[in-house]
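Atom set for the values below is all heavy atoms of this structure, side chains included, hydrogens, waters and symmetry mates excluded.
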Amino acid sequence: MNQQNYYSMGIDAHKRFCGQVHVLDPHGETVWKGRINNEDYGTFTDIVRGLDLPCKAVFESSTNWHVLYDLLGAIEGVEEVMMAHPLKVKMICAAHLKNDKVDAHRLAMLLRLDMVPCAHATGPEARSIKELVRQRASWVGMQTRMRRSSR
């Protein structure tokens with residue numbers, strides 16, 4: 001088996017807090033695990049600074065994926081940020097015990113084994129164009145509903 005030269009960071013993002021994080025060293029041993037609150041984004045930077053090798057990070061796609069993707073991508077020492085496809089991860093890691101801590105560990109293990117089923121992450125420019133199109137579609141739909149209800 002080839003020797004990894006990076007740390008694997010698995011993040012299970014959450015609605016009410018930033019996420020459950022699990023970091024594995026190149027040998028698969030746990031280096032750091034815990035929960036990061038929404039206001040503690042600097043904790044990611046602190047974790048990466050405490051590592052002696054570069055880090056790769058993975059999290060499952062969700063509605064606010066772009067915030068975490070951009071945040072992690074801006075941290076010096078994070079070599080790569082991957083967004084995992086949630087349904088494919090579920091197929092690979094079907095388990096009886098499922099909670100945020102287990103999910104973060106499994107994501108880190110998938111990253112370490114180079115088995116992350118990736119989802120496409122669009123760049124900031126494409127995201128803003130897509131948001132404009134979504135907003136316009138929403139307004140057109142609202143206008144149509146208003147016209148139908150006034151008849």
Side-chain angles (χ1 to χ4, degrees), residues 4 6-24 30-51 54-151:
Q4 307 275 338
Y6 60 87
Y7 285 87
S8 303
M9 179 186 291
I11 304 163
D12 186 51
H14 201 274
K15 291 177 189 174
R16 287 174 284 187
F17 55 92
C18 188
Q20 190 71 34
V21 179
H22 200 109
V23 181
L24 299 175
T30 298
V31 174
W32 194 93
K33 63 181 175 179
R35 178 173 143 170
I36 297 178
N37 293 320
N38 282 332
E39 63 275 358
D40 293 338
Y41 285 127
T43 306
F44 284 114
T45 305
D46 295 339
I47 293 168
V48 173
R49 280 188 190 147
L51 305 175
C55 179
K56 290 186 181 183
V58 63
F59 61 93
E60 286 184 341
S61 174
S62 64
T63 52
N64 292 349
W65 68 267
H66 57 280
V67 175
L68 191 54
Y69 190 86
D70 292 344
L71 173 83
L72 293 169
I75 297 174
E76 187 177 331
V78 176
E79 194 174 273
E80 184 179 4
V81 180
M82 301 170 90
M83 184 169 57
H85 192 288
L87 293 176
K88 292 180 181 176
V89 168
K90 187 176 181 178
M91 286 190 306
I92 294 171
C93 298
H96 298 288
L97 177 63
K98 181 163 173 32
N99 59 44
D100 294 343
K101 293 176 183 179
V102 171
D103 289 349
H105 183 255
R106 288 206 173 107
L107 285 169
M109 287 299 290
L110 285 174
L111 180 59
R112 184 174 174 275
L113 297 171
D114 196 25
M115 293 180 61
V116 176
C118 291
H120 177 68
T122 56
E125 291 175 9
R127 276 188 253 147
S128 65
I129 292 170
K130 285 181 174 187
E131 186 56 38
L132 284 173
V133 171
R134 281 190 200 103
Q135 185 64 54
R136 182 168 181 349
S138 173
W139 287 337
V140 168
M142 224 183 294
Q143 183 181 27
T144 303
R145 284 189 299 276
M146 288 173 63
R147 284 185 183 163
R148 285 183 184 161
S149 67
S150 66
R151 290 184 190 171

Does Pro117 reach the side chain of Val89, with side-chain heavy atoms less than 4.5 Å apart?
-> yes

With the side chain counted from C-beta on, respond yes when Asp70 and Arg127 share a heavy-atom pair under 4.5 Å apart, and no when they do not.
-> yes

Going from CH2 on Trp32 to CD1 on Ile47, what distance comes out if it is rounded to the nearest 0.5 angstrom?
-> 3.5 Å

For Val23 and Val21, which heavy atoms make the closest approach, and how far apart are they?
-> CG2-CG1, 4.1 Å

Report the C-alpha distance between Val78 and Met9 in whole Å, list the side-chain angles of each, state the deciding distance to 0.1 Å, and finish with yes or no for side chain to side chain contact (heavy atoms under 4.5 Å, CB included).
-> CA-CA 10 Å; Val78 176; Met9 179 186 291; 5.9 Å; no

CE (Met142) and CZ (Arg147) are apart, to the nearest 0.5 Å, by 13.5 Å

At what distance, to the nearest 0.5 angstrom, does CZ of Arg49 lie from CD1 of Ile75?
-> 9.0 Å

Nearest atoms (heavy-atom pairs only) where Met82 meets Leu111 = SD-CD1, 3.3 Å

Should we count CD of Gln135 as having more than 12 external heavy atoms under 6.0 Å?
-> yes

Closest heavy-atom contact between Gly73 and Val81?
-> N-CG2, 3.7 Å

Would a distance-only check, ignoring hydrogens and angles, find a side-chain to backbone donor-acceptor pair under 3.5 Å from Arg35 to Gly19?
-> no

Between Thr30 and His22, do the side chains contain an N or O donor and an N or O acceptor separated by less than 3.5 Å?
-> yes

Rounded to the nearest 0.5 Å, what separation is found between the OG atom of Ser8 and the CG atom of Leu113?
-> 8.5 Å

Pairwise side-chain contact, Phe44 with Leu72, heavy-atom cut-off 4.5 Å (strictly under) = yes

Determine whether Val48 and Thr45 make a side-chain contact, defined as any pair of heavy atoms from C-beta on separated by less than 4.5 Å.
-> no

Flag side-chain contact, heavy atom, 4.5 Å: Val31 against Tyr7 = yes

Closest approach of Trp65 and Phe59, non-hydrogen atoms and distance?
-> O-CZ, 3.7 Å

Under the 3.5 angstrom rule, does the side chain of Ser149 hit a backbone N or O of Arg145 as a donor-acceptor pair?
-> yes

If you look at every heavy atom in Met83 and His120, which pair is closest and at what distance?
-> CE-O, 3.2 Å

Run the numbers on Lys56 and Asp114 for salt bridge (charged side-chain N to carboxylate O under 4.0 Å, His left out), then give the verdict.
-> CA-CA 11 Å; Lys56 290 186 181 183; Asp114 196 25; over 6 Å; no

Val58 vs Ile11 side-chain heavy atoms within contact, under 4.5 Å | no

So NE2 of His85 and OG of Ser61: to nearest 0.5 Å the spacing works out to 7.5 Å

Residues at least two apart in sequence or cross-chain that pass ring-ring contact (aromatic ring centres under 6.0 Å, His included) with Tyr6, listed by chain then number, are none

Taking Gln20 for its side chain and Gly34 for its backbone only, find out whether a donor-acceptor pair lies under 3.5 Å.
-> yes

Between CD of Glu60 and NZ of Lys90, what distance do you get to the nearest 0.5 Å?
-> 10.0 Å

